Amino acid sequence: MAEAHPVGFQWVMEAKRRGAKIIHVDPRFTRTSAVADLHVPIRAGSDIAFLGALVNHVLSNDLDFREYVVAYTNAANVIDEDFRDTEDLDGLFSGFDPEAAQYDPVTWRYQPPENPTEDQQRREADLESDEVRTGGQYPGAGHKESHQAARSESHGSGGAPVSWKGRRDETLQDPHCVFQILKRHFARYTPEMVQEVCGIEPEQFREVADALTANSGRERTTAFCYAVGWTHHSVGAQMIRTASILQTLLGNIGRPGGGILALRGHASIQGSTDIPTLFNILPGYLPMPHAAQHQSLDEWVSADEGKAGFWGNVRSYSVSLLKSYWGEAATADNDFCFDYLPRITGDHSTYNTVKRMIDGTTKGYFLVGENPAVGSANGKMQRLGMANLDWLVVRDLQMIESATFWQDGPEIETGELVTEDIGTEIFFLPAASHVEKAGSFTQTQRMLQWRDKAVDPPGDARSELDFYFELGNRIREKLAGSTDEMDRPILDLAWDYPVDEKGEPDGQAVLREINGTGPDGRALSAYTELKADGSTACGCWIYCGVYAEETNQARRRKPHWEQDQVAAEWGWVWPANRRILYNRASAAPDGTPWSERKRYVWWDAEKGRWTGADVPDFIVDRAPDHVPEEGATGPDAIGGQDPFVMQTDGKAWLFAPLGLADGPMPTHYEPPESPVRNPLYGRQNNPSRRKLSDASNPINPSYSDVFPYVFTTYRLTEHHTAGAMSRTLPYLTELQPEPFCEVSPRLAAERGLEHLGWATIVTARTAIEARVLVTDRLRSLRLGDQVVEQVGLPYHWGRNGITQGDSPNDLVNVTMDPNVYIQDKVGTCDIRPGRRPRGPDLTAYVEDYRRRADVDMDDPTNGRTD
Amino acid sequence: MANSLWGPLDDVQGDAGYDHHPPRMGFFTDTSVCIGCKACEVACKEWNEVPDDGYELSGMSYDNTQALGASTWRHVAFVEKPVEPKPLTTTDLGLPGMGPPGAMEGGATDGDAGVRWLMSSDVCKHCTHAACLDVCPTGSLFRTEFGTVVVQPDICNGCGYCVPACPYGVIDLRKEDGRAFKCTLCYDRLKVDESPACATACPTESIQFGELSELRERADHRLAELHERGVDVARLYGRDPEDGVGGDGAFFLLLDEPEVYGLPPDPVVTTRDLGSIWKHVGAAAATMVGVGVASFLGRRR
Amino acid sequence: MSPKGGGGGGRGDRLMVPEAEFESYYGKQIIKTPTWKTPDVPLYLFLGGLAGGSALLAEGAALQDLPALEKVARGAAAAGAGIGTVFLVHDLGRPERFLHMLRVFKPTSPLSVGSFILAPFSAFSTAAFGSMVTGWFPRLGRLCGVGAAAFGPPLATYTAALVANTAVPAWHEAHRELPFVFAGSGATAAGGLAMLLTPVDQAGPARRMAVAGAALEIAAAESLTHRLGMIAEPYQQGRPGTLMRTARRMTTVAAVATLLAGRRSRLVSAVAGATCVAASALTRFGVFEAGLESARDPKYTVIPQKERLAARKAAAASGTPAG
Ligand SMILES: Nc1nc2c(c(=O)[nH]1)N[C@H]1C(S)=C(S)[C@@H](COP(=O)(O)OP(=O)(O)OC[C@H]3O[C@@H](n4cnc5c(=O)[nH]c(N)nc54)[C@H](O)[C@@H]3O)O[C@H]1N2
Ligand SMILES: Nc1nc2c(c(=O)[nH]1)N[C@H]1C(S)=C(S)[C@@H](COP(=O)(O)OP(=O)(O)OC[C@H]3O[C@@H](n4cnc5c(=O)[nH]c(N)nc54)[C@H](O)[C@@H]3O)O[C@H]1N2
Ligand code: SF4
Ligand code: SF4
Ligand code: SF4
Ligand code: SF4
Ligand code: SF4
Ligand SMILES: [Mo]
């Protein structure tokens, strides 16, 4: 965190100053470890085993915050009797279809009520039929498309909608209740197993366990911070799930000083999921309509509509969005132009799209603020894809590798690509940087902060807003007068933004549109004001209120020393300027604070309202003892002790009955490339991981002697991601002037690597070279009899910029998490002293490795695990 | 004036001839909270338009600028030290270890050492008795009303005298330019009541800027706090007005011996010996006169 | 990084770097190496000594009416100052700003003081020499000669203050002896040059000056190495050590030769004289480079300072005031 979020880390240092204990779990000893109280070196990719053992420690020693667990989680829920655990099926849950490599989650559900209502029956039927109806929709995908899996992002603002709240056994004794299932599931995650899987000594494990449990409960809370050390794995979502379970068991959610804090990446990466650049969601985590499932507005919202909690009002949010897109043209009669929305047909995520570029089905590509030739896994695959396009538009601040690969990319050097043969027409358009335009960033805490423009962009550089507005204008001009139905969605768009004297559209007008307006045309104040009748328009329902009172609330800059600890008047946090989500959980079921020390939001019985430091995340006058009426829907269905208001059942899920593609509980699987046999189950890898089969993406066989070492990639404080924003600046380049790899002294001795000398690092994809730093900060890990060495690779370099070098991403394979389609940052490799071969010799060198490792090029993603 | 050349000096500005002046300003750099982000280095360069200092992978941990110099006015040192195995009770210590490698039978490591990584942002000390200033023959280096030491680039003739005079190895000549450069303690910013660029950029408040007297109190407090928590290795460096340079205007809290960070353990301003130096020069000159006279005594006309 | 001596020059690499008794930051020096260029600055040191000694000789020769000696010595003083000034200016990073040296007068800066010695000395010695050669303004010329003689010894010795008033251990710690080394060395050079260029019958004072200078220089250097302990190492080891040893041998041989045969043989006188000049130059190079060496190796900064600290601590513990 100190490395990649140094500014946020100031608060960690502040906490430390006040006596907090900082524990850092990372394969490497980093700048964060340097100031932490304890560094726990872990084998990359093994975090579920570690966290799972902490869960086990809590459960088997009764260290959970029982009151919280019983009242606020689904620990008491009883699961379908047909459910089978990985314990029973040696690493599989029930419902696995080996052919499609995916799960049917029907047996994971809450035990059905004895007499389901009509509505419950309809939902259940819908869920089941979705599985069937989407099967094989996407031509060429070769596997069924799970509706729920493809919609995982849309659960970002709430859990998947379950059909019923289910039976609960609050004594937690029922063998089929979540608590008991959890206990059995994690029983084999022992400290000894942690040593064998992660390379962490039992004593050190104990120290972490003790610190964690001692610092949780009524009086104290513990926070977890994570970023891509957890997300970038074929089991990434489940790693975070394990932490969620742990934090929920310890009562660390919804309370000050607690939580699982995702440290987001690019300055507004949170904003770009809220108002998404993702294929499967629309603003505010509304699901992108599916071509087969969603023929009408009704079908589109039916899965969520009326379900308990605020997500149940999905129709209001959806209609308001359509109104903001199509304005006057959107009417109740035409389903508010629902038919104008594009549809998805399956997995259109980035890596799949690249595969389609290679296959020739995707013809054109926009690269806006992205440098995949360096920044994305398997750089070769990216370049081969782009070299097979008709056209490519690159908008960037710098002439990046993704715009120049056709003349100087690594494949040109080896002869795999020939400049003259590349037909892609590349348009490079200079972009204005963040200081050259006004706009908002949404950061890790969901906080929008407005920035004013500092300087004008140079030359022809334009802001994104300017570019897209102008692009829209030109397209609309070209289509003007067209009578073709196909052009209506574009011609009918509400495409009218005020521009300044330079022709630059006003960003605040866009923010106001996102905020939404009511029937009187005035800015709305809260998403509770949104209507499904078309009288309101709103570009993103969760952002509703950011322009309340016709004021840009994101531009508030009252310093923290002029307000209380919550600092509610700095920027604006969605939803409703609420700083801690689910903060009803900071009070006990009866509405009193769990402790005076940790009081945050509580029930004021006299006034009959929730009150406290923050905006309560609850219906403000709903009493703690309120029990919803049978059959209530939407917010009305939230009980007084259901703090997790976005969940259908109002409870935090220790067990996910729905919504995850790879199981209701986390399970340790080895990364797709690993030198270790999975000691926990017969299953080596996540059975539902997404493979991408292509000749450019061969996988190193597991536990191969040819690729005996683990490598992992990461950031340096001194550089930024794919490097175009730092390798081009003298002041940053001088601080870390060359690509390097970090190795332990033992590995250096084993392979004859010299400090500051060169090393060649090889995978089945390719080989790269880097200078060597031998350092005690990388440690050899002992797992039982096996010693595992890890090679550390900062990934920022490419062939342009002040200093140049090979890109570590050329080594990384594409195997994806099935929930979110992210790549794995860990792999196996060989490392040798000296520089790599040049030109065609490089190809031959890597081919030799593939042959010796027995990589099956007919089935390159096989990975040969048995 | 008393103690102009050496020893404690309460009013440096007064000593330099200012009648009315603001309080002495300086830095307290608390290295125990430095995270080595180098924001200070970059902010300094941005503000002061200092050129790059070359692109060399040094192999000195994450430190590639290597030392203070004419083109590096803030420098973050990265001290990577193997540590002896120690018991697993790091609770409340300011100093993390990587646990006790190889300390236990069947431990997770193969006998390789743990490591301690100290980071520290170094800067010109703006000495009470600044040798660089004392030896500057042109008056290019001067004492500001804030008690800081600043080079005037329009006066400096590149004689280089300040370079070996500095007991900390701070100031240096820029080759391509010929003149001497170092931290100005952001004199231009101080004049308009702004904090120095480096301190403003530092996320963890490792670099604290303020009135020197107040900083000294703060530092004493912090030291006591760390000692209380068992961080015995913590010590202040350059805080003591009784030291060889009369105390630094920019002083530090360190977690190891100064020399480990590349700092002199007991720096002394060269002018402490100025009297003796001139006395010996005088005596030698007189001796030379004597030699001259004697040379002519042997032969009479 | 371990293999390069992680963190401490001593402890970092347990395999490749032998255990040293001090720690450093990757073996990097603490103070900066002087930026003064070679040969500019050592030659300037040498020429200052030569010129200063020569100015003395010139006045003595004038008093005692030794015209050949006077001519050579006046020439040497003027040329020494002139060429020395050229080297000095050339060494500046901004030579065009040479005159900034005279903006202020600072007793704390030997270079400032030196500028106010060098400037009048150059003026006086050049005027005296010019007057002598042209025969113009003879009285004024003599007066200038006296002026040069007055500034000569300071010119020859202030350079010791110049180098000593730095943080360079081998220079600073030697501040008591260096002025004498430089005085002696200056006299040796002046005497030697005069021996080389003057007939033996007029070169008596030159010979005596050379021999006396040699004795002074050697004695001072000897006491320097004794007093400085480990900080004297750079004067004894490596290239500067070789320079210093060679200079001393040459000086000794030249002095002995001068004493034995300098009066009789023009050849011996010339050779011995030339040797004296060369030896004097070598001494300055030796001193200069020893300083650079001591700046480059952190141990000369760290170890004495640690010892000083330890002594102070011990003194404080035993209640005696520390120096
Ligand atoms: N200076 C700087 N700051 C940045 C960025 C940058 O490029 N430069 N990028 C921004 C972006 S886009 C993002 S997404 C964030 C990312 O922020 P981080 O996630 O902090 O970034 P990384 O350095 O990639 O990874 C973090 C750590 O994960 C460790 N790691 C690797 N594999 C594993 C594993 O299996 N388990 C565990 N526990 N740890 C593992 C690595 O050693 C590394 O120290 O940073 C943002 N901030
Ligand atoms: N091996 C490995 N690979 C990784 C990761 C890892 O940890 N390991 N991390 C991954 C992560 S988390 C991320 S986020 C990606 C990042 O990968 P990319 O997004 O491909 O890399 P960036 O360098 O951040 O690309 C951003 C580009 O946007 C340009 N830019 C900046 N501002 C603007 C603007 O306002 N407008 C426009 N049009 N352009 C702009 C910059 O010049 C830069 O070239 O890398 C991923 N790749
Ligand atoms: S680069 Fe920006 S977002 Fe990242 S830590 Fe620095 S200030 Fe924060
Ligand atoms: S540290 Fe050096 S450069 Fe800075 S004021 Fe002191 S003597 Fe001068
Ligand atoms: S180099 Fe410049 S600043 Fe330094 S002493 Fe010489 S004139 Fe003064
Ligand atoms: S005070 Fe100013 S000049 Fe000095 S290091 Fe900081 S930013 Fe640079
Ligand atoms: S900015 Fe602060 S925390 Fe970062 S390196 Fe400099 S002193 Fe350390
Ligand atoms: Mo990211």
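Naming: A, B, ... by sequence-line order, numbering from 1 per chain. In this text, all values refer to a predicted model and were calculated from it rather than measured experimentally.
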ask   = Taking all atoms of both residues into account, what is the closest heavy-atom pair of B/H75 and C/Y25, and its distance?
value = CE1-CE2, 4.1 Å
ask   = Where on C/P298 is there a heavy atom nearer than 4.5 Å to chain B: the side chain, the backbone, both, or neither?
value = neither
query = Which region of C/P304, side chain (C-beta onward) or backbone (N, CA, C, O), has a non-hydrogen atom less than 4.5 Å from a non-hydrogen atom of chain B, or is it both or neither?
reply = neither
key: Closest heavy-atom pair and its distance - B/A285, C/P154   = CB-N, 4.1 Å
remark   = Given C/M101, C/R207, C/E177, C/E96, the one with more heavy-atom pairs under 4.5 angstrom with chain B than any other is C/M101
inquiry  = Within the structure provided, determine whether C/Q305 and B/E259 are in side-chain contact (heavy-atom separation under 4.5 Å).
reply    = no
task = Would you sort out whether C/Y26 and B/V79 count as a side-chain contact (heavy atoms from CB on, under 4.5 Å), showing the intermediate values?
result = CA-CA 8 Å; C/Y26 301 97; B/V79 178; 5.6 Å; no
ask   = Given the options C/S112, C/A212, C/G60, which has more heavy-atom pairs under 4.5 Å with chain B than any of the others?
value = C/G60
task = Decide side-chain contact (heavy atoms from CB on, under 4.5 Å) for C/R208 and B/V291; before the verdict, give the C-alpha distance in whole Å, the side-chain angles of both, and the deciding distance to 0.1 Å.
result = CA-CA 8 Å; C/R208 282 188 287 278; B/V291 167; over 6 Å; no
inquiry  = I need the minimum non-hydrogen distance between C/A167 and B/A165, along with the two atoms involved.
reply    = CB-O, 3.6 Å
inquiry  = So which residue, C/V89, C/L56, C/L111, C/V168, ends up with the most heavy-atom pairs under 4.5 Å with chain B?
reply    = C/L111
remark   = By side chain to side chain donor-acceptor pair (under 3.5 Å), B/R239 pairs with (sequence neighbours left out) B/D220
message = Less than 6.0 angstrom separating the ring centers of B/Y161 and C/W36, yes or no?
response = yes
inquiry  = If you count heavy-atom pairs within less than 4.5 Å of chain B, which of C/L162, C/T301, C/V181 leads?
reply    = C/L162
inquiry  = Using side-chain heavy atoms (C-beta onward) and a distance below 4.5 Å, is B/V135 in contact with C/T166?
reply    = no
inquiry  = Checking C/K32 against B/I171 for the side-chain contact (heavy atoms from CB on, under 4.5 Å) test, could you report, in this order, the C-alpha distance in whole Å, the side-chain angles of both residues, the deciding distance, and whether it holds?
reply    = CA-CA 8 Å; C/K32 290 270 181 285; B/I171 195 166; over 6 Å; no
query = Is chain B contacted by the side chain of C/L292, its backbone, both, or neither, given a heavy-atom distance below 4.5 Å?
reply = neither
inquiry  = Between C/F105 and chain B, with a heavy-atom cut-off of 4.5 Å, which part of the residue counts as in contact: side chain, backbone, both or neither?
reply    = neither
query = With only heavy atoms counted, which part of B/A77 is less than 4.5 Å from chain C, the side chain, the backbone, both or neither?
reply = both
ask   = Which answer fits B/C166, side chain, backbone, both or neither, if we ask what part of it has an atom under 4.5 Å from a heavy atom of chain C?
value = backbone
message = Given heavy-atom pairs under 4.5 angstrom as the criterion, report whether the side chain, backbone, both or neither of B/V170 touches chain C.
response = backbone
remark   = Whatever's closer than 4.5 Å to a heavy atom in chain B on C/T33 counts as backbone
task = Please examine the side chains of C/V302 and B/P265, heavy atoms only from C-beta on, and report whether any two atoms are closer than 4.5 Å.
result = yes
inquiry  = What part of C/A161 gets within 4.5 angstrom of chain B, counting heavy atoms only: side chain, backbone, both, or neither?
reply    = both
key: C/H172, C/R176, C/E173 screened by side-chain contact (heavy atoms from CB on, under 4.5 Å) with B/D273, the one that passes   = C/H172
inquiry  = Quick one, C/R103 with B/S140, criterion side-chain contact (heavy atoms from CB on, under 4.5 Å). Give me CA distance, side-chain angles, the key distance, then yes/no.
reply    = CA-CA 10 Å; C/R103 272 182 84 241; B/S140 157; 5.9 Å; no
